[in-house]
Number of protein chains: 4
Amino acid sequence: MNASKSRLTPRKTPRQERSAATCAAILEAAARILETSGSAGLTTNHVAMLAGVSVGTLYQYFPAKEAILAELVRQMRQDMLADFVGAVREAEGKGLTRAVDAMVSASLRHHLRRPALAQALEHEELELKLDKETVQLKADMRDLIVGVLRDHGVDQPERTAFDLMSLSRGIVDAAVRAGESDFDDLQARLRRAVAGYLGILA
Amino acid sequence: MNASKSRLTPRKTPRQERSAATCAAILEAAARILETSGSAGLTTNHVAMLAGVSVGTLYQYFPAKEAILAELVRQMRQDMLADFVGAVREAEGKGLTRAVDAMVSASLRHHLRRPALAQALEHEELELKLDKETVQLKADMRDLIVGVLRDHGVDQPERTAFDLMSLSRGIVDAAVRAGESDFDDLQARLRRAVAGYLGILA
Amino acid sequence: MNASKSRLTPRKTPRQERSAATCAAILEAAARILETSGSAGLTTNHVAMLAGVSVGTLYQYFPAKEAILAELVRQMRQDMLADFVGAVREAEGKGLTRAVDAMVSASLRHHLRRPALAQALEHEELELKLDKETVQLKADMRDLIVGVLRDHGVDQPERTAFDLMSLSRGIVDAAVRAGESDFDDLQARLRRAVAGYLGILA
Amino acid sequence: MNASKSRLTPRKTPRQERSAATCAAILEAAARILETSGSAGLTTNHVAMLAGVSVGTLYQYFPAKEAILAELVRQMRQDMLADFVGAVREAEGKGLTRAVDAMVSASLRHHLRRPALAQALEHEELELKLDKETVQLKADMRDLIVGVLRDHGVDQPERTAFDLMSLSRGIVDAAVRAGESDFDDLQARLRRAVAGYLGILA
DNA sequence: TATGAATGAGTATTCATTCAT
DNA sequence: AATGAATGAATACTCATTCAT
């Protein structure tokens with residue numbers, strides 16, 4: 001249900017095992033390059049080489065370089081949304097503080113798994129014309145947070161969600177870039193920022 | 001103490017008027033391009049053309065393309081620091097809340113003057129190996145904020161300063177990117193975030 | 001006497017029905033692509049896809065892309081010769097004018113059946129190193145016309161045949177390219193050109 | 001008055017001598033390659049190498065490969081029109097036969113100067129989206145011939161001009177392709193074809 | 001000092017062809 | 001016989017940088 005003529009969506013949905021492996025190898029190679037060299041080092045030839053395939057093969061799976069990035073972003077958003085949904089579900093009915101904690105924790109877990117990659121992808125996301133699916137994933141995430149806030153009677157839930165996402169991102173970005181990796185410490189600060197904005201006495 | 005053989009510092013400290021004008025023209029041209037086309041459109045030929053000089057001349061003032069960006073970043077940091085110093089000075093002895101307000105306001109004023117440019121430069125800054133002077137300017141700014149916090153008895157002033165800068169940037173970035181330009185509204189939200197983190201009842 | 005190891009002749013003379021059908025499908029796919037996209041769009045993958053087979057299969061029937069074109073040209077020449085032979089036979093003993101009319105008519109009928117294809121093939125023919133059989137077909141056609149001219153006492157029949165073929169092609173080419181498809185009008189003009197060259201008062 | 005943003009017109013009108021020479025060298029290199037290898041061998045790297053410049057230089061003068069071809073075509077059309085205008089002027093007032101002779105002769109002279117080049121360019125012209133100037137040159141040529149025919153009372157001068165141009169091209173093309181280079185012989189045959197079509201007893 | 005012509009390594013992308021399954 | 005995944009040389013084009021004038 002994925003393919004189409006866009007330059008952003010993968011070319012062939014791999015059906016054979018070999019195909020799936022190749023496709024995954026390409027994505028992983030791209031991810032690794034993003035982690036180590038940033039988008040500057042991300043050339044199609046480099047990706048193909050690191051993936052152990054030829055450029056031609058790369059282009060059988062992705063119609064353009066951008067499509068590789070787009071797919072990585074899509075996967076990231078998908079994973080992230082799943083994490084958030086899980087977090088929110090667990091904290092259901094336990095008060096805003098618990099819900100916020102759960103989301104902060106999910107977000108951090110996500111970012112600290114592959115910090116450099118998450119960083120790089122969030123940055124690429126800004127310059128990329130996203131495909132519909134990714135746009136939807138982002139909207140779903142936003143709605144999820146807005147919903148939680150509204151359920152707990154938070155004022156102006158849309159704007160608040162926007163700001164909370166923004167400030168969280170600011171803090172995590174900077175921390176990751178500074179090389180921090182102490183989950184608990186970061187979580188405490190992030191919780192403080194979020195709770196502070198919400199006016200919850202943490 | 002400005003010039004050197006580094007690829008990041010301008011080649012000649014302009015003493016003559018013409019030189020200064022040329023140099024400024026190049027920088028302004030680069031700034032305008034960053035605003036309109038982002039770093040993707042920033043080619044040396046394009047900059048030179050828009051500045052009304054030849055590429056050769058451009059390379060007489062800047063040893064490499066990066067040096068232009070580095071200089072723009074340096075100027076931005078310099079301006080920003082000056083704004084902050086002024087803000088802090090004005091709010092001296094009037095309590096933390098006022099000091100925070102002044103800084104938030106200074107930061108926002110800075111970002112909203114040329115939003116696209118500020119955005120672009122802050123982004124370039126991350127990928128650039130900064131020259132000593134800029135590094136010092138950033139350190140000064142950090143120290144300034146740390147000083148204010150410490151003076152008002154804030155706990156862990158370094159870390160707090162770091163987080164406040166990070167979350168502010170997160171919020172302003174997102175707002176600018178979303179096209180917001182309502183200074184007052186943005187200021188209110190930013191103040192809320194900062195005050196919240198600091199535990200000040202806004 | 002058809003197959004050989006040349007890159008221009010089909011690889012296997014299809015004996016089984018399935019083979020013949022596959023071979024025909026490939027040729028028809030190539031023809032359709034030539035008609036719609038010209039030789040620029042004629043990629044082996046595209047041909048295979050449109051023919052409903054895999055590239056591998058395509059290469060089992062044709063040793064190289066050129067071979068497909070060569071075969072299309074061969075078939076075109078074969079058909080054309082057959083048409084001419086028929087035309088000449090019908091007009092036998094009825095005078096030069098009638099013979100010319102018959103040939104002009106046969107030629108036009110041929111070109112207007114699939115105008116874009118005829119055009120494309122005649123063009124490809126020029127850049128292709130033709131196989132013996134096609135060369136023979138062209139020679140036969142030439143001889144046929146030369147024979148008709150000689151039989152009617154035309155001077156320098158070889159050269160005249162050459163020129164008549166050339167000028168006819170020029171007119172038909174241009175007309176087809178201009179999108180003309182009025183058979184009768186075109187026939188009148190073509191007859192006029194041929195008769196004029198021959199000095200027959202039309 | 002030449003430059004614009006189109007992909008078909010040259011990029012910079014060379015003002016310095018060196019520029020003019022480089023530009024000419026590129027065009028001549030392209031012409032030579034067309035003569036020897038046809039459009040298949042016409043790669044930008046090949047052209048640049050033969051011209052003795054780098055690819056980068058080539059792209060400073062022409063925004064795309066097509067632009068080189070377009071410029072060659074333009075020059076050819078320009079030369080040809082000039083020749084025709086001269087021919088028509090000379091034959092003015094001397095009857096249709098003389099006018100036709102003059103035009104036939106001009107056309108042939110043109111084609112036999114660099115036969116392979118003329119051939120190649122006329123062919124490329126068909127696949128190229130022509131720039132306005134070239135389109136105008138072709139229209140002028142057409143009008144010139146139409147004018148001559150009309151002046152001498154020829155019926156349906158537009159259609160006749162079209163057919164005469166087409167059949168001439170057919171004959172000359174074929175002759176050139178066959179390696180003929182006997183000007184007088186070719187002229188006689190061409191005159192015969194044209195006169196024949198016009199119903200003039202040659 | 002200024003110019004702008006020239007450079008050439010580097011980039012994304014295509015496509016005829018091969019070959020393991 | 002058939003498939004389609006994989007190959008990689010080739011192609012058009014860009015852009016930071018140099019250098020002769």
Side-chain angles (χ1 to χ4, degrees), chain A residues 7 12 14-23 42-49 51-66 68, chain B residues 7 12 16 18-19 22 40-49 52-68, chain C residues 7 12 16 18-19 22 40-49 52-68, chain D residues 7 12 14-23 42-49 51-66 68:
Chain A
R7 283 185 84 73
K12 57 165 93 163
R15 251 152 252 193
Q16 297 185 7
E17 261 178 66
R18 183 155 59 138
S19 284
T22 302
C23 189
L42 197 80
T43 71
T44 49
N45 281 291
H46 192 178
V47 171
M49 213 180 66
V53 300
S54 66
V55 225
T57 296
L58 184 155
Y59 274 93
Q60 285 207 341
Y61 291 93
F62 300 94
K65 195 177 79 159
E66 284 184 319
I68 303 176
Chain B
R7 285 183 81 77
K12 48 172 99 167
Q16 305 167 11
R18 181 149 67 127
S19 291
T22 304
L42 196 81
T43 73
T44 49
N45 279 289
H46 191 177
V47 171
M49 210 180 67
V53 300
S54 66
V55 225
T57 298
L58 183 154
Y59 272 90
Q60 252 163 17
Y61 288 90
F62 299 92
K65 195 175 82 158
E66 284 184 320
I68 304 176
Chain C
R7 285 184 81 76
K12 47 172 100 166
Q16 304 167 10
R18 180 149 67 129
S19 292
T22 303
L42 196 80
T43 71
T44 48
N45 279 288
H46 192 177
V47 171
M49 210 180 66
V53 300
S54 67
V55 224
T57 299
L58 183 154
Y59 273 90
Q60 248 160 23
Y61 288 90
F62 298 92
K65 195 175 82 156
E66 283 184 319
I68 303 176
Chain D
R7 283 186 82 74
K12 57 165 93 164
R15 252 151 250 196
Q16 298 185 5
E17 262 178 64
R18 184 158 55 138
S19 285
T22 303
C23 190
L42 197 80
T43 72
T44 50
N45 282 292
H46 191 179
V47 171
M49 211 179 66
V53 299
S54 65
V55 224
T57 296
L58 183 154
Y59 275 93
Q60 286 206 342
Y61 292 93
F62 300 95
K65 195 176 79 159
E66 283 183 322
I68 304 177

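Lettering of chains follows the sequences in order, A, B, ..., and the numbering in each one begins at 1. Please read these numbers as outputs of a predicted model, since none were measured by experiment.
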Short side-chain N/O contact from Gln60(D) to OP1 or OP2 of dG4(E), under 4.0 Å: no

Determine whether Tyr59(B) and Thr44(B) make a side-chain contact, defined as any pair of heavy atoms from C-beta on separated by less than 4.5 Å. yes

Overall bend of the helix from dA2(E)-dT21(F) to dT21(E)-dA2(F) (five pairs an end, 10° steps) is 10°

Return the value, rounded to whole Å, for the distance between atom OH of Tyr61(C) and atom C1' of dT17(E). 18 Å

With a non-hydrogen cut-off below 4.0 angstrom, is Ala64(D) in contact with a base, only sugar-phosphate, or nothing? sugar-phosphate

Please list, chain by chain and in numerical order, all residues satisfying side chain to side chain contact (heavy atoms under 4.5 Å, CB included) with Val53(B), sequence neighbours excluded. Thr22(B), Ile26(B), Ala48(B), Ala51(B), Thr57(B)

Detail all sub-3.5 Å separations between protein N/O atoms and N/O atoms belonging to nucleotides 9-11 of chain F.
none

Is the phosphate of dA5(F), meaning OP1 or OP2, less than 4.0 Å from a side-chain N or O of Thr22(A)? no

Would you kindly give the OH-to-C1' distance between Tyr59(D) and dG10(E), to the nearest whole Å? 14 Å

For Met49(B) and dA5(E), give me the distance from atom CE to atom C1', rounded to whole Å. 16 Å

Counting side-chain heavy atoms from CB outward, which of dA6(F), dA6(E), dT3(E) is closest to Ser54(B)? dT3(E)

What is the distance, to the nearest angstrom, from the CG atom on Leu58(A) to the P atom on dA5(F)? 15 Å

In whole angstroms, the gap separating C1' of dT17(F) from CD1 of Ile68(B) amounts to 12 Å

